[in-house]
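Here's the structure, in structure tokens; my notes come after.
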Amino acid sequence: MHIHILTLFPNMFTGPFGESIIKRAIDNGLVDIEIYNIRDYTYDRHHVVDDYPYGGGPGMVLKPEPLFAAVEAVKGASEMPVLLLTPQGRLFDQRVAEEHAKYKEMILICGHYEGVDERVREHLVTDEISIGDYILSGGELAAMVVVDALVRQLPGALGSEESVRDDSHTCGTLEYPQYTRPHSFRGWDVPDVLLSGNHGEIASWRREQSLRRTIKRRPDLLGRVELSDRDKILVAHIEREED
Ligand code: ADE
């Protein structure tokens, strides 16, 4: 995978991309991440990237020329998705992450200031992405979130001790509770079933816990998951208990 990131603050990416799973994926050649300073694509003496909004109002708007120049320079003759990080975008979730993890190459544009000239949205960008219903100071942190969610899906990105399989949201429900040693901590014991060695019982305990947690914390997710007949019985049972 090849990810190009256009930003006014390239240094923001140094820490997050220099650690842990993303760093290892880069070192192992699974992903190539290139950061471009939008200011390098200005052709005026003062390297102006933003200007006052036509029609008045507060804040500054990112000018179209540097963004078009940067995207065109990066793309060359190739076609690839051009994503704009903005609170007005499509809400990013695991499904959107999985959709985008299929692309071999993409461009992420980090918006800043009050906004981006509308012609960028209309004629340059292929998709707008929001990571949640809150306003960040810019698209950089959002781009890092998107990159992390994509990179960890690449085959080989996770070590054997990490797993993508049971993650909350990959299967549509929240993850079951996990325990490690010690068996007893301050008088709080690990549930017996996890020490039973009975894999069937452990799996059904985990499924039940996962469903309980989802019903309690994120009932909105349940409508979107595929439930087995056994799950449906469990859900009915849990819901009766709650009443
Ligand atoms: N830029 C500012 N806020 C954002 C958000 N919530 N998601 C994506 N980009 C943003």
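Whatever order the structure lists them in is the order used to number ligands and atoms, beginning at 1.
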Closest non-hydrogen protein atom to atom 7 (N) of ligand 1, residue and atom name please, with distance?
Ile131 N, 3.0 Å
Heavy-atom contacts with Ser130 under 4.0 Å: which atoms of ligand 1 show up? List them by number with element.
6 (N), 7 (N), 8 (C)
Taking atom types as modelled, is there a side-chain donor on Glu201 or Ser196 under 3.5 Å from an acceptor on the other?
no
Are Asp220 and Arg218 ion-paired here, with the side-chain N under 4.0 Å from a carboxylate O?
yes
Whether Glu128 and Arg90 form a salt bridge (side-chain N of Lys/Arg under 4.0 Å from carboxylate O of Asp/Glu) is what I want to check.
no
Check Ala142 against ligand 1 and report side chain, backbone, both or neither, counting heavy atoms closer than 4.0 Å.
side chain
Name the residue from Val71, Leu67, Asp50 that meets the side-chain contact (heavy atoms from CB on, under 4.5 Å) definition with Ile38.
Leu67
If the contact criterion is a heavy-atom separation under 4.0 Å, does Ile129 count as touching ligand 1?
yes
Below 3.5 angstrom, do we get any N/O pair linking Gly132 and ligand 1?
yes
Name the option, out of Val145, Leu83, Thr86, that contains the heavy atom nearest to atom 9 (N) of ligand 1.
Thr86
Using only heavy-atom distances, determine whether the side chains of Thr173 and Arg213 contain a donor-acceptor pair under 3.5 Å.
no
Answer with yes or no whether Gly111 contacts ligand 1, where contact means a heavy atom under 4.0 Å from a ligand atom.
no
Looking only at protein heavy atoms, identify the closest one to atom 6 (N) of ligand 1 and say how far it is in Å.
Tyr134 O, 2.8 Å
Is the shortest side-chain N to carboxylate O distance from Arg212 to Glu208 below 4.0 Å?
yes
Taking NZ, NE, NH1 and NH2 as the nitrogens, is one of them in Lys63 or Asp117 under 4.0 Å from a carboxylate oxygen of the other?
no
If you have a sec, work out which protein heavy atom is nearest atom 3 (N) of ligand 1 and how many Å separate them, to one decimal?
Leu136 N, 3.0 Å
Between His2 and Glu34, do the side chains contain a donor N or O and an acceptor N or O under 3.5 Å apart?
yes
Among all protein heavy atoms, pick out the one at the shortest distance from atom 10 (C) of ligand 1; state its residue, atom name and that distance to 0.1 Å.
Pro87 CD, 3.6 Å
Those atoms of ligand 1 less than 4.0 Å from some heavy atom in Gly138:
1 (N), 2 (C)
